[in-house]
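See structure below.
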There are 2 protein chains.
Amino acid sequence: MVEAPVADASRPRLTRERVLRRAVDIADAAGVEALTMRRLADELGVEAMSLYHHVRGKGGILDGAVELVLDELAAAADTSAVPAQDGGWRAAVRARLLAARTVMLRHPWAPDVMAARSVMTLGAARHVDAVVGLMRDGGLSYDLVHHGLHALGSRMFGFSPEIGEPDAGDQQGADALAGMAELVPHLAAMLAEVAHDDASTLGWCDDQAEFEFGLDLVLDGLDRLARGSSAAGDGRG
Amino acid sequence: MVEAPVADASRPRLTRERVLRRAVDIADAAGVEALTMRRLADELGVEAMSLYHHVRGKGGILDGAVELVLDELAAAADTSAVPAQDGGWRAAVRARLLAARTVMLRHPWAPDVMAARSVMTLGAARHVDAVVGLMRDGGLSYDLVHHGLHALGSRMFGFSPEIGEPDAGDQQGADALAGMAELVPHLAAMLAEVAHDDASTLGWCDDQAEFEFGLDLVLDGLDRLARGSSAAGDGRG
DNA sequence: ACCTGAACACCGTTCAAGT
DNA sequence: ACCTGAACACCGTTCAAGT
């Protein structure tokens, strides 16, 4: 009746790999705030302290979980790669970042964790390295590539943080804005018109379309600069 | 010898305003993670529970602190406003977002809090409304303005989250990258060249210059689209 | 109405002890 | 080497009690 306390076949040996996989699963299903040492241990059929034998604490778990996501990203980018000559570096970079996005959409917590613990991990560096390689092969100078990485910002990893604009279905945000329509007339007018035009989405914004719009704006700008046709920044220096 | 317990002249009456101001001070000086109910109360010479009579808990404090920062932003944007006709909407938007940036640089925690608790507050809506107004007056359609807001992303509020690239003086990131130089050859080569060229900053990147580069890239792209000269996004739809 | 002290339900983590 | 239980030092917050 009493369960065998250790070396049970129903509880395979604890492993760094198993710990991190389960951490990703929890974050996917319930968000990072639900990813606690005690819950993670519990789901693995173990005590919280046992985890410390396989990972360097909570921080190590977050870093390791992100690294698993970045492995997924690398795999997705490989399978959806575009032939280099087929539209040039621009199409190749575009395809890679859209592939990255499909992975990040499966792990919405990953961007937040990457932002909070911004260290240059191997997985992140490899992704950036691939993009740098594509741009360089396309004839961009390292200097322009460098500016380009900054201009891409978080779009580099397939997402763009949406601040200030309510998401599709954000009823609370919609109500709040409606309540202050007379205080923000331009914004209210814009949203009224856009919401009316764009019946394809439930709410106001099609995140995927907006991501691609912003991405193309940056890639087009870089392409133009690479060709030397015009200078960005006539305002200052 | 014993201090008067209440109505002491050295302890002015607790007020929502005083609570929020002190919250901003703590976050500025020690980061958001140092902003706890107990510490905040302590610095105000009061018990933690007293705060609940003036704010709606920790969340209300964070929201209120951000709102104070946005008030500062509005004031800074007003004083550095550019005449509308002087370079058109582009220069006016540019000036406002650079003004926003100077404020956000004084409160580096604010972007994180805004991202974490993304509700459309009055202060945020007013800032966005001003930008929409400038663009609209410049002749952009509401539809283009809407896309433009998404493309600007967090640059709207004067910052751009830097993921994956070590900051200036990030020795740990530098060491990490040096250790995997052979695994990320393009990235290593780029950084070696850029670091050599750019002797003006201590580290690799001049954040202000990169912010302006990205901002100008987006504004130029929008301006070009408004003039109808070329389409962004030849890749898809 | 405003403020307090004790307590509750959580965190991540250290430590000494088990096998 | 691996896992455990109790404990520590924190959190935000509820509650009943004070003035």
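In what follows, every chain begins at residue 1, and chains take the letters A, B, ... in the order their sequences are listed.
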query: Which is true for B/Thr36 with a 4.0 Å heavy-atom rule: it touches a base, it touches only sugar-phosphate, or it touches nothing?
result: sugar-phosphate
message: Does D/dC10 have its OP1 or OP2 closer than 4.0 Å to a side-chain nitrogen or oxygen of B/Arg38?
response: no
Distance, nearest 0.5 Å, that separates CG of B/Leu97 from CG of B/Leu219: 7.0 Å
field: Exam field: side chain B/Ser154 to backbone B/Phe159, donor-acceptor pair closer than 3.5 Å
entry: yes
Which one, [options], comes nearest to the side chain of [X]?
X       : options              : value
B/Met49 : D/dA6, C/dG12, C/dG5 : C/dG5
A/Leu14 : C/dC2, D/dC3, C/dT13 : D/dC3
B/Val46 : C/dC2, D/dT13, C/dC3 : C/dC3

First of B/Ala48 and A/Ser50 reached from the 5' end of DNA chain D, by closest nucleotide: A/Ser50
Just the rounded figure in Å: distance from [atom2] of [N] to [atom1] of [X].
X       : N      : atom1 : atom2 : answer
B/His54 : C/dA1  : NE2   : P     : 13 Å
B/Tyr52 : D/dC15 : OH    : P     : 12 Å
A/Asp42 : D/dC3  : CG    : C1'   : 15 Å
A/Met37 : D/dC3  : CE    : P     : 13 Å
B/Leu51 : C/dA1  : CG    : C1'   : 16 Å
B/Ile61 : D/dC11 : CD1   : P     : 13 Å
A/Arg56 : C/dG12 : CZ    : P     : 16 Å
A/Glu47 : C/dA16 : CD    : P     : 19 Å

task: Check whether the side chains of B/His54 and B/Arg18 place a donor and an acceptor atom closer than 3.5 Å, and report yes or no.
output: no
message: Do B/Glu72 and B/His107 pair up side chain to side chain, a donor and an acceptor below 3.5 Å, judged on atom types alone?
response: yes
message: Run the ring pair (Phe, Tyr, Trp, His ring centres under 6.0 Å) test on A/Phe213 and B/His150 for me, step by step, so that the C-alpha distance in whole Å, both residues' side-chain angles and the decisive distance to 0.1 Å come before the verdict.
response: CA-CA 8 Å; A/Phe213 178 87; B/His150 280 284; 9.1 Å; no
message: Does the structure show a Watson-Crick or G-U wobble partner for D/dA16, both distances under 3.5 Å? Name it, or say none.
response: C/dT4
query: Between the base of D/dC2 and the side chain of A/His53, is there a donor-acceptor distance below 3.5 Å?
result: no
